[in-house]
Amino acid sequence: MARSTLLFESEERRDRQDVAAFLHALADKLAEGQIVLQRGGEQTHLTVPATVTLEIKAEESARRGRPKRSLEIELEWTEGEESGVVTLG
């Protein structure tokens, strides 16, 4: 089984408008193919290829009789594995 290394993690409460603004900025960086995640002095640079796997998951669980919902958006890719249009050289 492959080993994984946590490169960056963040979990914080924000209001919906702040989250929307963050996701818009993230989408712009994704379109450029370069994402830099930063908190304090910590930075993680990600180069995103033209093709990625997009996974979206919505879940509901019960805590103390109250439903708790979550929405997860995950992008995955393999470094050095670039798929694209075949061209002739």
Side-chain angles (χ1 to χ4, degrees):
M1 178 171 236
R3 296 173 71 179
S4 63
T5 302
L6 183 64
L7 300 175
F8 188 91
E9 185 175 41
S10 177
E11 183 174 334
E12 57 192 73
R13 290 188 62 81
R14 293 186 180 193
D15 71 34
R16 187 178 61 230
Q17 292 301 319
D18 285 347
V19 172
F22 178 85
L23 291 175
H24 281 288
L26 178 60
D28 291 342
K29 296 297 183 181
L30 178 61
E32 295 170 9
Q34 294 290 324
I35 297 172
V36 178
L37 302 170
Q38 51 191 6
R39 179 182 51 236
E42 179 185 7
Q43 286 191 344
T44 300
H45 297 260
L46 300 171
T47 300
V48 183
T51 303
V52 300
T53 300
L54 171 64
E55 180 181 338
I56 300 175
K57 183 174 12 175
E59 294 181 316
E60 181 176 270
S61 60
R63 271 179 92 170
R64 297 185 204 125
R66 295 176 53 188
K68 178 181 178 182
R69 292 185 174 175
S70 66
L71 173 64
E72 296 178 19
I73 302 168
E74 183 174 322
L75 302 175
E76 289 184 341
W77 63 92
T78 301
E79 289 290 321
E81 186 178 283
E82 185 72 39
S83 61
V85 177
V86 175
T87 60
L88 299 175

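Predicted, not measured: the structure shown is a model, and the values here were computed from it. Index from 1, following the sequence.
- Using a 4.5 Å cut-off on side-chain heavy atoms (C-beta onward), T47 and Q34 make contact.
- Considering L26, V48, T53, L30 in turn, L30 is the only one that fulfils the side-chain contact (heavy atoms from CB on, under 4.5 Å) rule with L75.
- Remark: K68 NZ to E59 CD distance equals 10.5 Å, nearest 0.5 Å.
- The OG atom of S70 lies 8.0 Å from the NZ atom of K57; values are rounded to the nearest 0.5 Å.
- Rounded to the nearest 0.5 Å, atoms CD (E79) and CH2 (W77) are 7.0 Å apart.
- For D15 against D18, the heavy-atom pair with the smallest separation is OD1-N, 2.8 Å.
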Inset, instruction - Please assess V36 against T44 for the test side-chain contact (heavy atoms from CB on, under 4.5 Å), listing each intermediate value before the final yes or no. - result: CA-CA 6 Å; V36 178; T44 300; over 6 Å; no

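- Atom OG1 of residue T5 and atom CZ of residue R3 lie 7.0 Å apart, to the nearest 0.5 angstrom.
- Remark: the E12 side chain and the S10 side chain contain an N/O donor-acceptor pair separated by less than 3.5 Å.
- Taking CZ from R39 and CZ from F8, the interatomic distance works out to 4.0 Å, rounded to the nearest 0.5 Å.
- Between the NE2 atom of H45 and the CD1 atom of I35 there is a distance of 12.0 Å, given to the nearest 0.5 Å.
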Inset, instruction - Please test E9 against E11 for side-chain contact (heavy atoms from CB on, under 4.5 Å), starting from the C-alpha separation and ending with a verdict. - result: CA-CA 7 Å; E9 185 175 41; E11 183 174 334; 5.9 Å; no

